[in-house]
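The chains referred to below are lettered A, B, ... by the order of the sequence lines, with proteins before strands, and numbering in each begins at 1. Keep in mind the model is a prediction, meaning the values are calculated, not measured.
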Number of protein chains: 2
Amino acid sequence: MTRTEFSVTVDLVLLTIRQAALQVMLVSRGIPPHQGRWALPGGFVHGDEDLGEAAARELREETGLDPRDGYFEQLATYGRPGRDPRGRVVTVAYLALLPDLPTPVAGSDAAGAAWRPVDEVRGDLAFDHDEILADGIERARSKLEYTPLATAFCPPEFTVADLRAVYETVWRVRLDPRNFHRKVTGADGFVEPAGGTVIRDRGRPAQLYRRGPATSLHPPLMREPTRPPDQRPDGRRTS
Amino acid sequence: MTRTEFSVTVDLVLLTIRQAALQVMLVSRGIPPHQGRWALPGGFVHGDEDLGEAAARELREETGLDPRDGYFEQLATYGRPGRDPRGRVVTVAYLALLPDLPTPVAGSDAAGAAWRPVDEVRGDLAFDHDEILADGIERARSKLEYTPLATAFCPPEFTVADLRAVYETVWRVRLDPRNFHRKVTGADGFVEPAGGTVIRDRGRPAQLYRRGPATSLHPPLMREPTRPPDQRPDGRRTS
DNA sequence: GCAAAAGTGTTCCCCATACACCCATGT
DNA sequence: ACATGGGTGTATGGGGAACACTTTTGC
């Protein structure tokens, strides 16, 4: 019975929506291995830490954000021999869905950290981070179907249109604004009125809402549509 | 930067349906820590193994089963300091849904392995295995809603009633046999006819079916009903 | 014949979709 | 005035739930 010794790291898939695109937080690696390449933020788990604590610590160190600003959950664990040239390293990946806060990237570690559109970085990441990122995006997509987590991408107060933009961006679809409005405001505990109104661009002012108390939606409120081939706004087809 | 050394184990949540109950494979621990208590089967990850390989190896060693007999996926990873008195041990839990095959428990390690109804063991397991088991059951429950994995609990050929019993057992509900039959046989790629018929108890012979090619069901075929309080056959209430 | 389980047909109703229409603002 | 986005009302259709009914076996 070999009791091989491992190092254990946490890696973060931090997703947000900026400029109408799904973006992921990446760091440019300053040291080998994979020096100069983009990678998911992360680091070694300390001796007295639970895994989730280590992930939350890294989140604070790298971005200044708090897990409670958005949503935070364990994603999956990766331990293929050879995935890290430094030795036998198992990494526990965490997924966070965050609002596009004016990121106070101040922290020291955060040098070289940046939001990047996921479409522009797929295939270019260090280690097995492409695989981890793909799993995180897939998880986020499916979570939107049966949980109220779309609000995790929104700031504390948001409009129905903001929330709709989340689904449209993550799923790459157009949703009918009128039916969307009814479903969201009608769903029990999904959102609750915050009182104010705001004018985003042109047109009638929109009501502001806060996250509601719901933690799950049964039946699922929003369902990822099975797209007819021409419905993608960018004209591309699903494989 | 402390690079603490960890041991890494895999633990298996093996679920099946026997005697109309959801059952989990447990081993009685022969050595400390937690000697004499029930625990999930598992073991240390070897130096040259991927995590999934280690889990599949443990499955073979402990039960003689193959991952491909049913369904197999990573569940979650647990690494709370102090969860194992032997030191800093991180465990990657895997979930398997298996048919009630005439288990060839022959293997040496399998001494003391047994299927136990999940209702009878909750709260009594070693380490943090109660938490892991609860997470596995919850994952299995929700997977049935939007995947065709209920067939993983069935032998290669099964009747619609067999499949219905899976949902009824895992969800603790009664489902209408007539509507269930139509939904299952009508869903694209969920099941396909195997040709034969079989008489289980009394009544008209039932058609046999095999697993179909579908890997996902969009929209979800079966939905866990939100139960009116009196609908549980055993009369108990959901918390 | 009778009980029991398999399987089909039919009705009703909810709810998602589609879309006409009105509201409130900036220019 | 008119363009633009916010929000409501309403008709239509598909699918799930409920259940009457037929089929095929064992006893």
Exercise for the section: Output all residues satisfying ring pair (Phe, Tyr, Trp, His ring centres under 6.0 Å) with A/Phe190, sequence neighbours left out; order by chain, then residue number. Expected result: none
Practice task
Could you note down all residue pairs passing side chain to side chain donor-acceptor pair (under 3.5 Å) where residues 148-162 of chain A supplies at least one of them, sequence neighbours left out?
Solution key: A/Thr159-A/Asp162, A/Asp162-A/Arg200
Completion exercise
Nearest-nucleotide check on DNA chain C, A/Ile199 vs A/Asp176; residue mapping nearer the 5' end is A/Asp176
Fill in the blank from the handout: By ring pair (Phe, Tyr, Trp, His ring centres under 6.0 Å), B/Phe158 pairs with (sequence neighbours left out) none
Problem - Within residues 150-166 of chain A, residues whose heavy atoms come under 4.0 Å of DNA chain C - result: none
Practice task
State, to 0.1 Å, how close A/Thr169 and A/Ala20 come at their nearest heavy-atom pair, and which atoms those are.
Solution key: CG2-O, 3.8 Å
Completion exercise
The correct set of residues in residues 177-193 of chain B placing a heavy atom under 4.0 Å from DNA chain C is B/Arg178, B/His181, B/Arg182
Practice task
Salt-bridge test for A/Arg116 and A/Asp124: reply yes if a basic N is under 4.0 Å from a carboxylate O, no otherwise.
Solution key: no
Problem - First and last nucleotide of DNA chain D, 5' to 3', lying under 4.0 Å from heavy atoms of chain B - result: D/dA17 to D/dT25
Problem - B/Pro41 and its side-chain contact (heavy atoms from CB on, under 4.5 Å) partner, picked from B/Val13, B/Leu14, B/Leu59, B/Thr63 - result: B/Leu14
Problem - Side-chain donor or acceptor of B/Arg139 paired with backbone N/O of B/Leu75 under 3.5 Å - result: yes
Handout entry: Listed once per pair and sorted, the side chain to side chain donor-acceptor pair (under 3.5 Å) pairs that draw on residues 179-192 of chain A, sequence neighbours left out
Key = A/Asn179-A/Arg182
Practice task
Could you name each residue pair satisfying side chain to side chain donor-acceptor pair (under 3.5 Å) that touches residues 203-215 of chain A, not counting sequence neighbours?
Solution key: none
Exercise for the section: Sequence neighbours left out, what pairs pass ring-ring contact (aromatic ring centres under 6.0 Å, His included) with at least one residue falling in residues 55-78 of chain A? Expected result: A/Phe72-A/Tyr94
Problem - Sequence-distant partners of A/Phe180, ring pair (Phe, Tyr, Trp, His ring centres under 6.0 Å), two or more places apart - result: A/Tyr167
Exercise for the section: Return the residues of residues 203-223 of chain A meeting this criterion: a heavy atom under 4.0 Å from some atom of DNA chain C. Order them by number, or give none. Expected result: A/Gly203, A/Arg204, A/Pro205
Practice task
List in chain and number order the residues that pass ring pair (Phe, Tyr, Trp, His ring centres under 6.0 Å) with B/Tyr146, two or more places apart in sequence or in another chain; answer none if no residue qualifies.
Solution key: A/Tyr146
